[in-house]
Amino acid sequence: MKWTGPDGFEADDTAERVDAAVVQGFLSSSYWAQGIPREVVDRAIAGSLNLGVYDAAGAMVAYARMVTDRATFAWLADVFVLESHRGHGLGRFVVSTLLEHPDLKGLRQILLATADAHELYRSYGFTETPPGRMMAIRKEPTELYNQL
């Protein structure tokens with residue numbers, strides 16, 4: 001499925017169109033997936049509902065994915081806009097388009113984690129979870145990916 005965005009950018013949920021090298025390149029230097037190997041990125045793309053944003057030449061410039069059962073639950077992950085394409089509203093475009101995706105209608109819960117974009121996600125209706133409600137097993141990306 002395709003959507004037209006600001007300034008002629010296009011969003012597409014076709015997993016085969018996702019440029020995994022761009023995703024891995026961005027994520028490998030992010031605070032949440034530092035050092036992530038390409039094979040892990042490939043598996044993440046294969047197991048998710050993906051949304052790439054592409055410029056007029058077809059180059060991927062933004063990305064987000066949902067890890068979901070498409071019935072009750074989803075986790076919004078790996079949202080980014082390449083630095084060279086910021087300032088066009090593409091962050092909002094990729095998030096709002098993915099949240100409105102037909103495969104995600106009727107979900108009971110959508111979660112995400114962020115260290116620096118709380119206000120952005122609040123604008124979509126996300127709220128912080130009550131203390132003590134969520135639990136996690138957490139492994140630092142650099143520790144985990146250095147073992148692969």
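None of these values were measured; they are calculated from a predicted model. In what follows, residues are counted from 1 in the order of the sequence shown. Below, all heavy atoms of this structure are taken into account, side chains as well, without hydrogens, waters or symmetry copies.
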Any chance you could measure Tyr145, atom OH, to Glu39, atom CD, to the nearest 0.5 Å? 10.5 Å
Keeping His88 on the side-chain end and Leu90 on the backbone end, is there a donor-acceptor pair under 3.5 Å? no
Does Gln109 reach the main-chain N or O of Thr72 with its side chain, forming a donor-acceptor pair under 3.5 Å? no
Within-4.5 Å side-chain heavy-atom neighbours: Phe80 and Val23: yes
Could you list the cluster mates of Leu111? Members are the ILVMFWY residues connected by side-chain heavy atoms closer than 4.5 Å, either directly or through other members. Val67, Phe73, Trp75, Met134
So, taking the atom named NE2 in His101 and the one named OG1 in Thr68, what distance separates them when rounded to the nearest 0.5 Å? 10.5 Å
Ion pair Glu100/Lys105, N-O distance below 4.0 Å: no
Indicate whether the side chain of Ser123 and that of Arg92 have a donor and an acceptor atom separated by less than 3.5 Å. yes
Measuring from Ser96:OG to Tyr124:OH, what's the distance to the nearest 0.5 Å? 4.5 Å
Please give me the minimum heavy-atom distance between Gly91 and Val81, naming the atom from each residue. N-CG2, 3.5 Å
Does Val22 reach the side chain of Tyr63, with side-chain heavy atoms less than 4.5 Å apart? no
If I compare all heavy atoms of Leu104 with all of Met66, which pair ends up nearest, and what's the gap? CD1-CG, 3.7 Å
Take Met60 and Val18 through the test side chain to side chain contact (heavy atoms under 4.5 Å, CB included) and record every step on the way to the result. CA-CA 7 Å; Met60 193 173 82; Val18 172; 4.1 Å; yes
Is it true that, when you exclude Arg133 itself, more than 12 heavy atoms of the residues, nucleotides or ligands shown sit nearer than 6.0 Å to its CZ? no
Mind checking what makes side chain to side chain contact (heavy atoms under 4.5 Å, CB included) contact with Glu83, not counting sequence neighbours? Arg86
Nearest-0.5 Å distance, CZ of residue Phe93 to CG of residue Leu98: 11.0 Å
Determine whether Phe9 and Val94 make a side-chain contact, defined as any pair of heavy atoms from C-beta on separated by less than 4.5 Å. no
For Ser29 and Phe26, indicate whether the former's side chain and the latter's backbone hold a donor-acceptor pair under 3.5 Å. yes
Would you say the side chain of Tyr31 lies within less than 4.5 Å of the side chain of Asp116, judging by non-hydrogen atoms? yes
Would you mind reporting whether Asp78 and Trp32 have side-chain heavy atoms less than 4.5 Å apart? yes
Which residue pairs pass the salt bridge (charged side-chain N to carboxylate O under 4.0 Å, His left out) test when at least one of the two sits in residues 12-32, sequence neighbours left out? Glu10-Arg17, Asp12-Arg17
List the atom of Leu107, the atom of Ala74, and the distance in Å for their closest heavy-atom pair. CD1-CB, 3.6 Å
State whether the side chain of Asn50 and the backbone N or O of Ser48 hold a donor-acceptor pair below 3.5 Å, judged by distance alone. yes
Run the side chain to side chain contact (heavy atoms under 4.5 Å, CB included) test on Leu49 and Arg65 for me, step by step, so that the C-alpha distance in whole Å, both residues' side-chain angles and the decisive distance to 0.1 Å come before the verdict. CA-CA 6 Å; Leu49 174 59; Arg65 68 186 180 97; over 6 Å; no
With rounding to the nearest 0.5 Å, note down the distance linking OG1 in Thr14 to OH in Tyr54. 7.5 Å
Rounded to the nearest 0.5 Å, how far apart are CD of Gln34 and OG of Ser28? 8.5 Å
